[in-house]
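It should be emphasised that the depicted structure is a prediction, and the values quoted were computed from it without experimental measurement.
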Number of protein chains: 2
Amino acid sequence: MTLQEGKEQFVQTWGALGSKWGINRTMAQVHALLLISPEALTASEVKETLGISMGNANMNLRALIDWGLIRKEHKLGHRKEYYFAEKDIWKVAQQIIAERKKRELTPIQSVLSELQQIEGEGEEVDSFKKMIDDLAEFSNFADKTLDTVATSDRNWMVNSFMKLLGNKK
Amino acid sequence: MTLQEGKEQFVQTWGALGSKWGINRTMAQVHALLLISPEALTASEVKETLGISMGNANMNLRALIDWGLIRKEHKLGHRKEYYFAEKDIWKVAQQIIAERKKRELTPIQSVLSELQQIEGEGEEVDSFKKMIDDLAEFSNFADKTLDTVATSDRNWMVNSFMKLLGNKK
DNA sequence: CAGAACTTTCAAAAAATATTGAAAATTCAG
DNA sequence: CTGAATTTTCAATATTTTTTGAAAGTTCTG
């Protein structure tokens, strides 16, 4: 397999993975492309490489900036904007965790608190409340765990989990 | 908020969450419905409650069985099949983790090993290989961590992560 | 400051995904 | 076994999501 083939397969694979996780396939491909690009790229280069329209390239680049996964760069003497990705995979993971937590976990927690307020008594109400309580407890656990992971450095992560693995039995 | 309203909002919310995570909205709603249903339900009841077709109900129920999140039950003297969900949220989480790991992480790891085989030399090849290596290392870490989480009981999970949180600083 | 280069927006079109409904298959009571 | 009840399948349809492309906006050079 040549470098070129490898890069293409990587972009495809990353795109497929993204779409399984509720992330736009093209956005994931743009991210993949920038991850393996040593140099910052222009929107036009992204457009050409992936065979997408300018508007599409632009929208997905902006979405990636919103996610904190890539940044813009002005090159002196150049008119165009250059885009480059955070290359440290551990930081990438932390950023994704932090964003999804903010976008999804927090709203769920607020819905769960509301649902804990339902009125009425009886077996049915109790069992509903039990499920909501369990979910709230679980999401609390997830919240704390993800916070810890998302604010830790790589060495801490690896060490702690290795310890965890060792302790288990 | 009444029980009925609460149940409806829960089903809606769970459906919306699922669709953000690459899970069919209706499948997530069916799951939500069974999670908060003290009794096992027939496909017809699911169809009626969610206002979907029989075919759709059937397909999503089967998908949930494939995911190991619900099971069928034959009731003596009844012709119909009854469906019920695993209610222990920690087990549900473990099941989802185990399934997604099997369906997504494993295939990615195999692609990454292939990509480590690319030929050629030079700066560009080295930086590509570096990224692939980093991803492989990360996915290994994720694999082990998720394995640990997915095979542990709830108390072990809570305790360990609480320790982890305590140790951090 | 004019206008070329580049970026952004967004309504319309295309593509991908989910749903229906009707037919086929299966199951089981009588 | 028979046939009514129920479940399953899947091609056609509907819905949702993504992409395009053209127009508007912005920026910066000369």
Side chain to side chain, B:Leu135 and A:Phe10, heavy atoms closer than 4.5 Å: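 Side-chain contact under 4.5 Å: yes.
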Student check: side-chain heavy atoms of B:Lys80 and B:Ser44 closer than 4.5 Å: yes
Carboxylate-amine/guanidinium contact A:Asp126 A:Lys130, below 4.0 Å: no
A:Leu61 side, atom CG; A:His31 side, atom NE2 - distance, nearest 0.5 Å: 11.0 Å
Members of residues 16-36 of chain A that approach DNA chain C, where some heavy atom sits under 4.0 Å away: none
Residues touching DNA chain C, which here means a heavy atom under 4.0 Å, drawn from residues 58-67 of chain A: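 Heavy-atom cutoff 4.0 Å gives A:Asn58, A:Met59, A:Arg62.
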Residue pairs fulfilling side-chain hydrogen bond (donor to acceptor under 3.5 Å, both in side chains) with at least one residue in residues 46-63 of chain B, sequence neighbours excluded: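 The answer is B:Asn56-B:Asn60.
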side-chain hydrogen bond (donor to acceptor under 3.5 Å, both in side chains) pairs, two or more places apart, involving residues 16-25 of chain B: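 The answer is A:Glu104-B:Trp21, B:Ser19-B:Arg25.
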Sugar-phosphate, base or nothing in reach of A:Lys47, heavy atoms under 4.0 Å: nothing
Sugar-phosphate only, base, or nothing, as touched by A:Tyr83 at under 4.0 Å among non-hydrogen atoms: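 Contact class for A:Tyr83: sugar-phosphate only.
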B/S/- contact track for nucleotides 22-30 of chain D, protein heavy atom under 4.0 Å: -----BB--
Aromatic plane relationship, B:Trp90 with A:Phe141 - under 30° parallel, 30 to 60° tilted, over 60° perpendicular: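 The rings of A:Phe141 and B:Trp90 sit tilted, inter-plane angle from 30° to 60°.
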Expected output: side-chain B:Ser110 to main-chain B:Thr106 donor-acceptor under 3.5 Å: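 No.
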Interatomic distance where CG belongs to B:Asn56 and C1' belongs to D:dT13 [whole Å]: 13 Å
NZ/A:Lys75: more than 12 non-hydrogen atoms of other groups inside 6.0 Å: yes
Estimated bend of the helix from C:dC1-D:dG30 to C:dG30-D:dC1 (axis per five terminal pairs, rounded to 10 degrees): 20°
